[in-house]
There are 2 protein chains.
Amino acid sequence: MLAIGTLAKRTGTKVQTIRYYEEIGIMPEPGRTEGGQRRYGDAELDRLAFIRHSRQLGFSLDAIRELLDLSDSPGRSCAEVDAIAQRQLRDVEARIDRLEALRAELHRMIAECGSNRVADCRILQVLRDHGECLSDHAKAET
Amino acid sequence: MLAIGTLAKRTGTKVQTIRYYEEIGIMPEPGRTEGGQRRYGDAELDRLAFIRHSRQLGFSLDAIRELLDLSDSPGRSCAEVDAIAQRQLRDVEARIDRLEALRAELHRMIAECGSNRVADCRILQVLRDHGECLSDHAKAET
DNA sequence: CCTGTATCTACAGTCGCTGTAGAATAGGGG
DNA sequence: CCCCTATTCTACAGCGACTGTAGATACAGG
Ligand SMILES: [Zn+2]
Ligand SMILES: [Zn+2]
Ligand SMILES: [Zn+2]
Ligand SMILES: [Zn+2]
C-alpha cells in the first residue's frame with residue numbers, strides 16, 4: 001500500500017494534483033488508515049499513470065475520463081476510443097497551423113526591424129495594424 | 001465619443017473584456033457620462049486595437065503592458081521591444097516543437113489501431129505505457 | 001414620455017492545476 | 001515508550017485571460 005507521496009513520486013505528479021483528481025472524480029476515493037491518510041494499491045497506480053501520460057499527450061481531463069470509462073469495457077469496439085484520439089489529433093494539428101502562422105508573422109516583423117528607435121520600430125507598427133500582416137493569423141487562442 | 005459596446009464591436013472585443021482590461025490597468029479609466037457610463041476616444045480605440053492584435057499574435061498581457069509602456073517613449077532604442085518579440089517567437093517555436101511530437105505520437109497510435117475491441121486497442125495500450133512512445137513528448141503543457 | 005436596448009457593479013465559473021495555513025498522523029531513532 | 005520530523009490532512013485562495021450571470025440603472029428613438 002502506497003502513501004500519497006509515494007504514489008506522487010512514482011508517477012511524477014504533485015500530491016495536490018492527486019487529491020484534485022479525486023475531488024473531480026477521475027481518481028477513486030482510496031482506502032484510508034485509521035488516522036485518515038490515503039493508501040493506494042496497484043490499480044490506482046496504473047490509473048494515475050494512464051491519466052498522466054494522456055495529459056502529456058494533451059488530452060483534456062474530460063476526454064481522459066471517457067477513455068477510462070471505455071477501457072472498463074474490454075469487449076466493446078474501440079471505435080469511440082479512436083474517435084477521441086482523432087479529435088485530439090485534429091486539435092493538435094489546428095494548433096500547429098495557427099502557431100505556424102504566428103511564427104511566420106513574428107519572424108517577419110523581427111527581421112524587418114533593424115533595432116532603430118521606438119518611433120519607427122517595425123514590430124510596433126505591425127502590432128498597431130493587422131493590415132501589415134500577411135496571413136490571417138486571427139481566430140482562436142494560442 | 002464611443003460607448004463601450006461600440007468600442008467592443010469596432011475592435012472585436014467583448015464588453016466584459018474591455019472592463020477586465022481596465023480592472024487590471026492595461027486600459028485607462030475612461031471618462032464617464034453623467035449617468036456613469038464609460039465614453040472612449042480615438043486614443044483608447046488605438047490602444048485596444050494594439051492589445052487585441054498583440055493577443056492574437058500570442059503575447060501575454062504582461063508582455064503587452066511592457067510593449068505599451070515602451071511605445072510611449074518614441075525616442076528610445078527599440079531593443080527591448082525586439083527582445084520581447086524574440087522571446088515570443090522562441091516561445092511559439094517551442095510550442096510547435098512540442099505539438100509536433102504529440103502529433104507524431106497520436107498519428108502513429110491511431111494508425112496502429114485497426115478499430116478492434118477495446119481489449120487490444122493500440123491507442124489504450126500506448127496511453128497506459130509511455131514506453132510504447134518513440135519520442136520524448138513529455139515536458140510542459142500543451 | 002415610454003419602451004427597449006445598453007450599460008452598470010459585483011461576483012461566480014472556466015481549465016488544470018499550484019500554493020498556503022494550521023492541524024493531525026506516521027514511523028523511525030534513542 | 002516517547003519524541004521528533006516528515007508527511008499528510010482539510011479548506012481555501014490564486015494563476016491567466018477571460019466569459020457569463022443577476023439585478024439595477026441609463027440612454028436613445030419614436
Ligand atoms: Zn524594433
Ligand atoms: Zn495581424
Ligand atoms: Zn483502437
Ligand atoms: Zn509517451
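Below, chains carry the letters A, B, ... as their sequence lines are ordered, and counting in each starts from 1. Model, not experiment: these values are computed from the prediction.
- When distances run from any side-chain atom of K14(A) to the nucleotides dG16(C), dC17(C), dG19(C), the shortest one goes to dG19(C).
- As rounded to whole Å, 16 Å separates atom P of dG16(D) from atom CD1 of I51(B).
- Rounded to whole Å, the distance from CG on D62(B) to P on dC15(D) is 11 Å.
- In this structure, the nucleotide among dA17(D), dG16(C), dT18(C) sitting nearest to the side chain of T17(A) is dT18(C).
- At a threshold of 4.0 Å, the pair D91(B)-R95(B) counts as salt-bridged, since one of the basic side-chain nitrogens sits closer than that to a carboxylate oxygen.
- No donor-acceptor pair under 3.5 Å is formed between the side chain of H53(A) and the backbone N or O of R128(B).
- A straight line from CD1 of I64(B) to P of dG16(D) spans 13 Å, rounded to a whole angstrom.
- Every pair passing salt bridge (charged side-chain N to carboxylate O under 4.0 Å, His left out) that includes a residue from residues 37-53 of chain B is listed here, sequence neighbours excluded: E22(B)-R38(B).
- The side chain of R55(B) places no N or O atom within less than 4.0 Å of a non-bridging phosphate oxygen (OP1 or OP2) of dG16(D).
- Not one side-chain nitrogen or oxygen of Y21(A) sits closer than 4.0 Å to the OP1 or OP2 atom of dG16(C).
- Between the C1' atom of dC9(D) and the CD atom of E22(A) lies a distance of 12 Å, rounded to the nearest Å.
- More than 12 heavy atoms of other residues, nucleotides or ligands shown are found within 6.0 angstrom of CG on D69(B).
- Residue Y20(B) has no polar side-chain atom (N or O) positioned under 4.0 Å from OP1 or OP2 of dG16(D).
- Clustering ILVMFWY residues whenever any of their side-chain heavy atoms sit less than 4.5 angstrom apart, transitively, puts I24(B) in the very cluster that holds I64(B).
- The backbone N or O of I110(A) lies less than 3.5 Å from no partner atom in the side chain of Q86(B), so there is not a single donor-acceptor pair.
- Using a 4.0 Å heavy-atom criterion, one finds that R65(A) contacts no nucleic acid atom at all.
- The interatomic distance linking I24(B) (CD1) with dG16(D) (C1') rounds to 9 Å, in whole Å.
- Contact check, T33(B) against dC27(D): a side-chain N or O comes under 4.0 Å of OP1 or OP2.
- A salt bridge is absent between R90(B) and E93(B): the closest approach of a Lys/Arg side-chain nitrogen to an acidic carboxylate oxygen does not fall below 4.0 angstrom.
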How does protein reach along nucleotides 6-14 of chain C, written 5' to 3' as B (base within reach of a heavy atom under 4.0 Å), S (only sugar-phosphate), or - (no contact)? -SSB-----

